[in-house]
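What follows is one structure encoded as structure tokens, with my remarks underneath.
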Amino acid sequence: MRQLRYAQAINEGLRQLMADDPDIFVVGEDIRHSLRGLTRGLAAEFGHDRVVDMPISEAAFTGLATGAAMSGMRPVVEYQIGALGFVAFDQLVDQAMKLPYMTGGQCTVPVTYIFPASGFRSGLAGQHSDQLYPYLMHAGMKVVIPSNAGDAKGLLVAAIRSDDPVAYFAPAALLAARGPVPEDLVEVPLGKGAVVREGSSVTVIAVGHLVAETLRVAADLEAEGISLHVYDPRTLLPLDLEGLEAAVRKTGRVVVFDDSNLICGFAGEVAALIAEHWFDALKGPVKRIGRATVPVPFSPFLDKAIVPTGETLKQVVLSMAHSASLGAVA
Amino acid sequence: MRQLRYAQAINEGLRQLMADDPDIFVVGEDIRHSLRGLTRGLAAEFGHDRVVDMPISEAAFTGLATGAAMSGMRPVVEYQIGALGFVAFDQLVDQAMKLPYMTGGQCTVPVTYIFPASGFRSGLAGQHSDQLYPYLMHAGMKVVIPSNAGDAKGLLVAAIRSDDPVAYFAPAALLAARGPVPEDLVEVPLGKGAVVREGSSVTVIAVGHLVAETLRVAADLEAEGISLHVYDPRTLLPLDLEGLEAAVRKTGRVVVFDDSNLICGFAGEVAALIAEHWFDALKGPVKRIGRATVPVPFSPFLDKAIVPTGETLKQVVLSMAHSASLGAVA
Amino acid sequence: MPGLQGRQLLDAYRAMVRIRLFEERVRDRVNANDIPGVCHEYIGQEAVAVGVCTALRESDVITSTHRGHGHVIAKGGATNRMMAELYGRVDGYNRGKGGSMHIADVSLGIYGANGIVGAGLPIAAGAAWTSKRKGTGVVAVPFFGDGASNQGVVHETMNMAAIFKLPMVFVCENNLYAISASFREMSSVEHVHTRAAAYGMHGEAVDGMDVEAVHEAASRLVERARRGDGPSLLECKTYRLVGHFTAEQALGLSYRPKEEVAEWTKRDPLLVGEASLLRQGVASAEDLEQVRAEVAAEIDAATEFAQASAWPPFDEALAHMYADATAARPMRGW
Amino acid sequence: MPGLQGRQLLDAYRAMVRIRLFEERVRDRVNANDIPGVCHEYIGQEAVAVGVCTALRESDVITSTHRGHGHVIAKGGATNRMMAELYGRVDGYNRGKGGSMHIADVSLGIYGANGIVGAGLPIAAGAAWTSKRKGTGVVAVPFFGDGASNQGVVHETMNMAAIFKLPMVFVCENNLYAISASFREMSSVEHVHTRAAAYGMHGEAVDGMDVEAVHEAASRLVERARRGDGPSLLECKTYRLVGHFTAEQALGLSYRPKEEVAEWTKRDPLLVGEASLLRQGVASAEDLEQVRAEVAAEIDAATEFAQASAWPPFDEALAHMYADATAARPMRGW
Ligand SMILES: Cc1ncc(C[n+]2csc(CCOP(=O)(O)OP(=O)(O)O)c2C)c(N)n1
Ligand SMILES: Cc1ncc(C[n+]2csc(CCOP(=O)(O)OP(=O)(O)O)c2C)c(N)n1
Ligand SMILES: [Mg+2]
Ligand SMILES: [Mg+2]
């Protein structure tokens with residue numbers, strides 16, 4: 001299959017979807033000139049009525065998307081930085097997410113929110129580095145975070161076609177990554193995880209850009225006789241419970257490897273699920289790796305103590321191996 | 001000790017603290033006339049410069065508190081409903097919580113945010129019933145949720161005297177509850193949990209108004225030979241890890257009983273902590289009870305399927321007992 | 001633009017009476033603990049909802065507020081389904097899931113009451129967006145209060161509506177208070193409508209106790225929006241003749257001078273409407289009495305309908321969260 | 001109110017040169033990957049920061065924006081500690097934890113650059129609140145852009161400042177663009193300052209390329225605030241002579257007509273300042289050259305200082321999260 005970069009895959013997906021469905025339009029900031037690259041060429045192709053730069057009024061344009069969705073459109077909202085979700089928070093979690101339920105099913109709110117997910121990009125500092133997904137998941141919003149170019153396109157298709165609000169996270173670290181991408185609009189369904197590497201010693205549940213990190217670590221650890229089973233949930237909500245259970249049972253030793261703040265974050269949710277429902281499968285404690293719960297410091301030197309990397313994972317797996325002679329198990 | 005209602009305890013604490021420290025002032029909506037009862041009489045006593053009704057501009061008055069705190073005041077913000085935190089979300093999690101860290105310790109932001117916590121009050125429906133604390137904890141904000149009148153006063157003292165932003169949650173269901181309250185300003189320190197009932201079969205970690213629910217259930221279950229060990233974390237962040245560990249080890253069977261949404265909520269955080277760090281103490285899966293992740297429906301009939309009560313706890317404990325013959329153990 | 005004439009005027013009066021009697025019944029039932037929660041009564045502001053909604057088509061869209069019953073009734077909502085909603089029953093508009101603060105009939109263009117002050121404005125802008133893109137001629141009308149005028153999202157939405165020339169009429173019901181806080185204290189300007197200038201938008205004020213005046217102004221502004229001439233702001237000077245909500249009496253708040261209440265009570269929109277009907281000879285005192293009796297019977301029937309309606313099925317508690325088969329997460333397990 | 005005179009004028013020029021050369025150096029070092037991340041250069045807007053800050057006392061408070069270096073320098077920030085911050089080093093103002101977008105010197109009343117557009121305004125209002133309550137005479141000045149003027153919190157804060165008569169001057173730097181979006185397209189009004197009327201507040205515009213004009217206007221408005229006459233809004237008509245941020249050239253964006261850039265370049269505030277100094281005979285061409293040379297040396301020294309500064313201690317990564325001994329939660333365990 002032909003290879004595209006992750007950002008190109010999103011761009012192509014948007015273009016094809018917009019060509020298919022005149023009700024789709026995109027709002028955001030600097031999206032006509034495509035500052036972030038995801039909407040490149042779309043304003044020229046579809047016009048400024050469908051690729052719309054908004055004033056710096058995130059709450060209002062998020063709400064506008066809700067009202068447009070309720071009246072028959074299928075809006076896509078691109079947030080230039082994750083934190084813009086904080087400014088629009090009421091409109092996201094208290095309006096868009098609640099209207100279908102509160103009206104007793106009288107309406108749907110088919111909006112896709114494209115958020116940058118941070119990770120591995122230094123120098124963005126405290127207010128441009130947050131991962132918004134645990135906040136949105138707590139409110140019950142569907143969340144996807146593709147880990148490769150092919151999924152980037154396939155999950156975008158699923159997100160935009162979904163009749164629910166869906167938050168789509170595109171990690172900065174992946175935008176330039178290349179991978180095979182189908183030419184057509186092939187949906188990767190919401191709620192389906194993927195085993196990205198078979199292994200037998202430890203199961204790593206890895207999110208977004210950390211999937212690739214995990215594969216690198218897996219290659220390293222292979223040499224030491226430790227075999228990682230790597231599972232990519234792809235959709236964080238709804239979770240693929242069957243896929244997750246199988247991944248847990250595969251080894252009985254689990255690390256959840258995520259880049260959102262640890263406290264009430266995604267890793268905790270998964271760890272709690274496992275500890276409650278597949279306790280019998282566990283051979284030891286469920287390990288969590290997440291981001292330290294502080295604003296990301298500017299200095300790249302300090303970053304390493306805050307934002308998890310493959311190195312963090314390696315240490316955790318090695319310490320598990322140490323206490324359980326995993327090498328022998330593998 | 002003399003008995004006061006929970007709301008009176010808060011009111012008395014505020015009055016005494018304001019009399020002590022002229023830098024304390026309260027902002028909010030309808031607090032001069034004290035719609036919610038917490039500021040009753042304070043405007044008359046301290047004047048409209050210190051008990052200040054603000055326009056319906058939550059983001060701005062939250063930010064105003066931050067700037068006032070940075071310049072030497074000690075503001076208290078009363079939010080009329082929990083959801084107002086959504087409207088002010090950026091100012092809470094991205095400004096107040098981050099400025100001390102991002103400035104490298106150049107400033108402190110000693111603000112106390114008083115939020116209503118919902119629970120057991122029907123008819124508030126979808127937008128007036130959210131529990132905000134998991135959102136704030138994810139950002140690292142200190143959170144207290146007193147379960148009785150004495151703690152209500154003591155934790156208020158600690159929160160207002162703290163040099164950090166602290167979110168203080170007062171559950172609606174408790175405001176009228178009476179209990180012993182010290183006359184003076186006696187601090188209940190942040191980060192100290194309490195064993196509220198000794199027991200031997202199952203440990204219940206209960207939050208806010210669910211502590212009293214748990215004690216009622218404990219009395220019922222006693223008759224069936226099941227003895228609940230009940231632990232009230234009181235401060236949700238920072239958690240009292242020693243107290244929590246002791247409570248877990250006491251029985252090795254744990255239920256976390258909380259009224260925030262289950263996904264990425266407080267119960268998950270605690271369950272994940274336990275599964276990671278005290279796995280060896282566990283005799284079975286850590287059970288979570290939380291709120292169903294939907295907006296709270298208006299109809300009181302549906303409420304029961306969404307908002308956890310003592311009945312929910314009872315069922316969970318009985319099912320644990322069934323599978324582990326707890327009755328025999330106790 | 002001709003004002004309300006003859007039959008229309010009587011219908012408008014009927015709609016105002018419908019709101020009044022509905023609200024009085026609701027208050028009684030709330031205080032009897034028959035209806036759960038609290039409700040924000042629309043009493044005193046009837047001329048605004050009715051004056052504006054008589055200027056709208058059924059396909060036009062409104063967003064409402066916490067004080068929403070009047071808007072829903074004026075836009076054509078059925079009182080029996082509304083009452084059933086307030087009772088939390090399955091025949092309610094929202095199948096009992098919304099209650100007073102979230103009542104909606106999307107098929108009538110009522111995009112919902114809203115518990116968050118100001119939050120409806122951008123949602124209405126979205127409906128206006130669709131109208132503009134699809135050329136349907138729909139006009140979107142968000143109602144909001146004087147207190148709401150100080151919310152950030154109101155500013156953002158007005159700017160946005162102005163730059164995109166969205167077909168909207170922003171209707172501010174200035175009833176002088178946001179709960180206990182007076183507009184005079186909380187706003188830096190004397191009138192909300194003058195803020196329209198900050199968006200290069202047309203703004204005007206109207207006597208919100210006079211349904212004919214409201215209708216006339218709203219009709220002009222709605223037509224303007226429909227023609228493609230962009231949004232405008234209509235400030236209706238009105239007053240709530242009762243407390244902020246059904247619980248207020250019990251709280252014993254007192255923040256309004258008695259004389260002020262008395263003064264405005266003289267301008268009760270029902271009195272103003274009746275006087276006009278009689279003066280214009282459109283209806284006799286007996287006609288008006290008949291309208292009131294008919295509406296009273298309707299409200300009785302609505303109440304009985306609500307009380308007879310079943311609770312929503314228990315397993316609907318987790319339904320409607322997602323449009324597809326995705327299961328909402330329950331209190332335990334999944 | 002006398003304008004900048006003699007020595008003061010030369011000092012103001014020096015401050016503008018300091019900003020310009022600092023920013024040019026920063027851009028070079030960012031592009032050389034020596035400074036991490038991106039920076040938003042203040043080039044072209046120097047007269048605003050300097051004109052306003054020369055009207056302030058050291059105890060006065062400012063809040064800044066993502067484009068903050070100019071404000072920090074004009075308020076008295078030390079270029080070496082600033083540069084060290086941009087390098088992420090321990091001698092930086094924020095001990096390397098903030099970087100360009102969060103640089104602050106709270107002791108100089110600089111409450112921080114801010115990565116969230118508009119977010120600084122209510123924080124400044126808080127400082128003004130303290131001033132008013134404690135009677136310190138402090139005036140608080142939030143800087144914000146034309147793009148920011150459409151944020152909700154800006155509206156909320158202006159209303160609040162007006163009703164409480166807070167000692168503030170809102171300084172809008174209208175440089176005609178918010179990244180690639182032109183003010184003309186994104187704002188429903190031609191000028192930001194006319195929105196002051198929506199708050200019953202005084203508003204005016206000034207030539208933001210002329211430091212003397214800015215100083216004169218700012219001095220009047222600051223004194224007014226200090227006297228207790230309440231807040232006002234000063235719109236400075238200015239232009240950024242470079243891209244939105246250091247990364248822009250690489251992105252190859254083109255959203256501004258070349259002629260427009262050329263036109264404004266003629267009004268470069270440094271050129272305007274030099275011409276005035278020479279015209280008034282305050283300084284000779286040699287004097288100006290000397291100022292530039294001295295500042296260049298200062299920037300060299302600042303860069304060396306930064307480069308020589310150590311990384312922050314690794315265990316500071318989790319420090320400063322809480323004021324007391326509470327431990328911040330690390331990546332694993334606690
Ligand atoms: C954003 C927000 N802030 C505060 C509240 C609490 N609250 C509910 S109604 C109300 C007063 C609203 O005043 P106004 O907009 O004038 O409407 P009115 O009640 O007079 O109809 C307040 C403060 C809320 N629901 N939402
Ligand atoms: C609330 C918010 N929205 C969007 C952004 C992304 N962003 C950063 S700077 C900028 C443009 C700001 O324009 P303006 O206020 O005119 O300031 P200028 O860059 O011209 O100095 C945008 C959109 C942000 N940081 N914060
Ligand atoms: Mg009002
Ligand atoms: Mg600008």
Side-chain angles (χ1 to χ4, degrees), chain B residues 29-37 48 53-60 80-81 83-84 86-88 121-129 255 257 259 261-263 265 267 287-309 312-313 315-316 319, chain C residues 30 35-38 66 85-90 92 94-103 114-119 145 147-153 178-181 185-188 244 248 251 253-255 310-321 328-334:
Chain B
E29 288 158 62
D30 307 291
I31 62 172
R32 290 175 303 183
H33 288 90
S34 192
L35 195 68
R36 298 188 57 243
H48 289 199
D53 274 338
M54 287 281 167
I56 305 183
S57 305
E58 291 81 8
Q80 205 166 68
I81 53 180
L84 305 193
F86 296 149
V87 180
R121 246 176 52 180
S122 281
L124 290 177
Q127 290 174 325
H128 280 55
S129 304
V255 182
F257 186 32
D259 185 33
N261 288 0
L262 208 57
I263 302 173
K287 297 282 179 186
R288 276 198 280 177
I289 302 172
R291 188 180 280 188
T293 305
V294 297
V296 172
F298 170 72
S299 178
F301 182 75
L302 297 179
D303 240 12
K304 294 174 195 55
I306 304 305
V307 179
T309 61
T312 333
L313 175 65
Q315 282 165 23
V316 170
S319 78
Chain C
V30 169
I35 289 179
V38 296
H66 55 288
E85 185 59 33
L86 302 193
Y87 271 84
R89 305 301 170 92
V90 70
N94 308 24
R95 301 185 67 78
K97 292 179 122 168
S100 168
M101 253 184 304
H102 309 296
I103 198 161
N114 206 308
I116 304 303
V117 165
S149 67
N150 296 319
Q151 264 286 319
V153 77
I179 312 187
S180 69
E185 279 184 296
M186 293 298 150
S187 170
S188 46
H244 172 68
E248 188 170 313
L251 288 171
L253 299 182
S254 96
Y255 49 85
W311 293 113
F314 196 63
D315 56 14
E316 271 199 16
L318 293 176
H320 304 130
M321 180 67 179
R329 179 82 75 87
M331 290 189 288
R332 35 188 287 231
W334 54 66

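Residue numbers start from 1 in every chain, and the chains themselves are labelled A, B, ... in the order their sequence lines are given, proteins ahead of strands. Computed from a predicted structure; not experimentally measured.
Side-chain contact between P313(C) and V90(C) is present, with heavy atoms from C-beta onward closer than 4.5 Å.
Among E248(C), M331(C), R329(C), the residue with the largest count of heavy-atom pairs under 4.5 Å with chain B is M331(C). When each of S180(C), G115(C), G37(C) is scored by its heavy-atom pairs under 4.5 Å with chain B, the top score falls to S180(C). Among T293(B), I81(B), T312(B), V316(B), the residue making the largest number of heavy-atom pairs under 4.5 Å with chain C is T293(B). Taking I306(B), D53(B), V87(B) one by one and counting their heavy-atom pairs under 4.5 Å with chain C, the maximum is reached by I306(B).
Both the backbone and the side chain of E58(B) have a heavy atom closer than 4.5 Å to some heavy atom of chain C. Of the two parts of S254(C), only the backbone, made up of N, CA, C and O, holds a non-hydrogen atom closer than 4.5 Å to a non-hydrogen atom of chain B. Of the atoms belonging to K287(B), not a single heavy atom falls under 4.5 Å from chain C. Both the backbone and the side chain of H33(B) come within less than 4.5 Å of a heavy atom in chain C. For L253(C), the part lying near chain B is the side chain, with the backbone staying farther off; criterion is any non-hydrogen pair under 4.5 Å. N94(C) does not touch chain B: none of its heavy atoms, backbone or side chain, sits under 4.5 Å away. Of the atoms belonging to A148(C), it is backbone heavy atoms, and not side-chain ones, that fall under 4.5 Å from chain B. At a 4.5 Å heavy-atom cutoff, the contact between E185(C) and chain B is made by side-chain atoms alone.
Taking the six-membered ring for Trp and the full ring otherwise, the centers of H66(C) and H244(C) sit less than 6.0 Å from each other.
Rounding to the nearest 0.5 angstrom, the gap separating the CG atom in L86(C) from the OG atom in S100(C) is 5.5 Å. In this structure, CZ in F257(B) is found 15.0 Å from CZ in R288(B), a value given to the nearest 0.5 Å.
Of the candidates L262(B), N261(B), I263(B), N261(B) is the only one forming a side chain to side chain contact (heavy atoms under 4.5 Å, CB included) with R291(B).
Counting only distance, with no hydrogens or angles, the side chain of E29(B) and the backbone of Q80(B) share no donor-acceptor pair below 3.5 Å.
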Can you give me every donor-acceptor pair (side chain of residues 314-321 of chain C, partner residue at least two apart or in another chain, under 3.5 Å) with its distance?
unit_1: E316(C); atom_1: OE1; unit_2: R95(C); atom_2: NE; d: 3.0
unit_1: E316(C); atom_1: OE2; unit_2: R95(C); atom_2: NE; d: 2.9
unit_1: E316(C); atom_1: OE2; unit_2: R95(C); atom_2: NH2; d: 2.6
unit_1: H320(C); atom_1: ND1; unit_2: K97(C); atom_2: NZ; d: 3.0
unit_1: H320(C); atom_1: NE2; unit_2: G104(A); atom_2: O; d: 3.4

* Asked: Stepwise, does the side chain to side chain contact (heavy atoms under 4.5 Å, CB included) test hold for I56(B) with M186(C)?
  -> CA-CA 8 Å; I56(B) 305 183; M186(C) 293 298 150; over 6 Å; no
